[in-house]
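These values consider heavy atoms only, across backbone and side chains, with no hydrogens, waters or symmetry-generated copies. Numbers restart at 1 for each chain; the letters A, B, ... are given by sequence-line order, proteins then strands.
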There are 2 protein chains.
Amino acid sequence: MVGRQGILLAAASAFAERGYSATTLRNIADDAGIQAGSIYHHFSSKDELFATVLDHGMTVMDEAFDRADGSLCGQVRAHLGALFEHGPYTTAHVTAFFTTPADVRAASVPHRDSYEAKWQQLLAELLPHLDDEQVQLHRLLLLGAMNSTVEWFDPTGDVTLDQLAHLVTGQFLRGVTT
Amino acid sequence: MVGRQGILLAAASAFAERGYSATTLRNIADDAGIQAGSIYHHFSSKDELFATVLDHGMTVMDEAFDRADGSLCGQVRAHLGALFEHGPYTTAHVTAFFTTPADVRAASVPHRDSYEAKWQQLLAELLPHLDDEQVQLHRLLLLGAMNSTVEWFDPTGDVTLDQLAHLVTGQFLRGVTT
DNA sequence: GTCTATAACATGATAGAC
DNA sequence: GTCTATCATGTTATAGAC
């Protein structure tokens with residue numbers, strides 16, 4: 001893997017695994033097969049590289065959401081698919097965002113907010129008997145549960161992403177007792 | 001705040017907010033009101049300080065779990081209470097654990113595992129119609145949802161911890177459609 | 001128990017050769 | 001477009017005074 005795309009992929013992978021601060025430009029350069037100084041031909045700073053990774057990740061999330069069928073299970077499957085089937089860009093969003101210095105992550109807050117607004121609208125239509133604040137709480141819990149899967153789910157194991165999506169959807173809509 | 005306890009508290013707060021790598025001993029010393037070098041009178045390394053914070057956090061979790069009434073809502077309330085009512089030690093566990101270098105976090109893995117085993121047993125008794133793997137998946141989703149609250153829940157807002165515990169429990173047991 | 005000073009090293013970033 | 005230095009700064013950790 002070469003050039004800007006190779007750097008971006010190596011950066012996303014490192015940020016996702018170690019977080020923003022623990023990832024060094026030398027780490028990224030090693031994984032990309034170049035020298036650390038060469039990164040600056042493609043990106044002006046570590047911050048810009050990180051912001052580009054997060055922006056790429058949110059674009060993947062957006063496209064998956066917009067392509068899905070609109071059913072809750074379909075949207076859950078799309079979100080999980082974005083996390084596990086489209087490289088480490090989305091994973092970096094989940095694992096590295098919160099502990100990154102506020103001024104660095106600020107650039108990606110609007111993109112995140114617009115994605116969360118899509119979920120808010122979807123759930124509001126699905127749950128007309130609840131007010132906006134209740135919907136928001138349920139949304140945050142659902143996204144929290146889905147995003148936590150990056151810390152423990154193995155997509156190559158014997159549970160498939162489809163099965164996981166059905167499990168998440170069932171627990172959310174009907175609970176575990178059914 | 002002075003001495004070892006003051007350092008520990010400042011360290012937990014900093015680790016919880018910024019993660020392991022982004023937190024410097026100078027950060028911690030500043031918050032504790034001492035010089036960075038003085039930390040080494042109480043702890044032999046940054047790693048040991050971090051491990052002590054995580055161990056303290058797991059002890060808080062354990063005690064909250066064991067004191068609760070055994071009902072799911074009671075245990076959920078205890079877990080959320082440990083996150084929001086007993087200092088930043090538990091928060092550091094949630095926000096800083098995953099992105100910390102593996103050799104540093106290794107020391108706290110057994111304590112974490114034993115806590116998760118308590119939840120596994122609780123849910124297995126509550127859901128006798130499910131096999132162990134299904135229970136495990138539901139447990140991981142539930143803990144993921146609860147732990148995500150540290151990124152967005154404000155315990156001083158108009159939603160109380162009791163209300164949040166009931167909401168989490170209701171969504172888990174019966175789903176959102178009831 | 002805390003301070004100051006400093007050693008030893010890692011990091012983000014720059015400059016210029018090729 | 002990548003490389004090889006190199007700079008300035010920040011980091012963990014140590015030693016010894018008080």
Check your understanding: Within a strict 4.5 Å, meaning less than it, do heavy atoms of the A:L130 and A:L123 side chains meet?
Key -> no
Review point. Does B:R18 reach the side chain of A:Y20, with side-chain heavy atoms less than 4.5 Å apart?
Key: no
Review point. Do other residues, nucleotides or ligands put more than 12 heavy atoms under 6.0 Å from B:Q120 CD?
Key: yes
Exercise for review: Assess whether atom CG of B:D132 is packed by more than 12 heavy atoms of other residues, nucleotides or ligands within 6.0 Å.
Suggested key: no
Point to revise | salt bridge (Lys or Arg N to Asp or Glu O under 4.0 Å) between A:R77 and A:D69, intermediate numbers included | key: CA-CA 10 Å; A:R77 178 63 178 79; A:D69 64 12; over 6 Å; no
Practice item. List in numerical order all residues of residues 44-55 of chain B for which some heavy atom is under 4.0 Å away from an atom belonging to DNA chain C. Key: none
**Study point:** Of residues 10-24 of chain A, the positions that come close to DNA chain C - non-hydrogen atoms, cut-off under 4.0 Å
**Key:** A:T23, A:T24
Write down the distance between [atom1] ([X]) and [atom2] ([N]), rounded to a whole number of angstrom.
{"X": "B:H41", "N": "D:dA13", "atom1": "NE2", "atom2": "P", "answer": "17 Å"}
{"X": "A:Y40", "N": "D:dT4", "atom1": "OH", "atom2": "P", "answer": "17 Å"}
{"X": "A:I39", "N": "D:dT4", "atom1": "CD1", "atom2": "C1'", "answer": "15 Å"}
{"X": "B:L25", "N": "D:dT12", "atom1": "CG", "atom2": "P", "answer": "4 Å"}

Point to revise | B:N27: which of B:T24, B:T23, B:D31 passes side chain to side chain donor-acceptor pair (under 3.5 Å) | key: B:T24
Check your understanding: Relative to each other, are the rings of B:Y89 and B:H56 parallel, tilted or perpendicular (30° and 60° limits)?
Key -> parallel
Point to revise | First and last nucleotide of DNA chain C, 5' to 3', lying under 4.0 Å from heavy atoms of chain A | key: C:dT11 to C:dT14
**Study point:** side chain to side chain contact (heavy atoms under 4.5 Å, CB included) partner of A:R139, chosen from A:E116, A:Q134, A:Q121
**Key:** A:E116
Check your understanding: Donor-acceptor pair, A:T90 side chain versus A:G57 backbone, under 3.5 Å?
Key -> no
Exercise for review: Kindly determine whether B:D154 and B:T156 satisfy side chain to side chain donor-acceptor pair (under 3.5 Å), including the steps that lead there.
Suggested key: CA-CA 5 Å; B:D154 174 13; B:T156 68; 2.7 Å; yes
Check your understanding: Taking for each residue the nucleotide of DNA chain D bearing the nearest heavy atom, is the 5' side occupied by B:R26 or by A:A36?
Key -> A:A36
Practice item. Please check if the distance between the ring centroids of B:Y115 and B:H93 is under 6.0 Å. Key: no
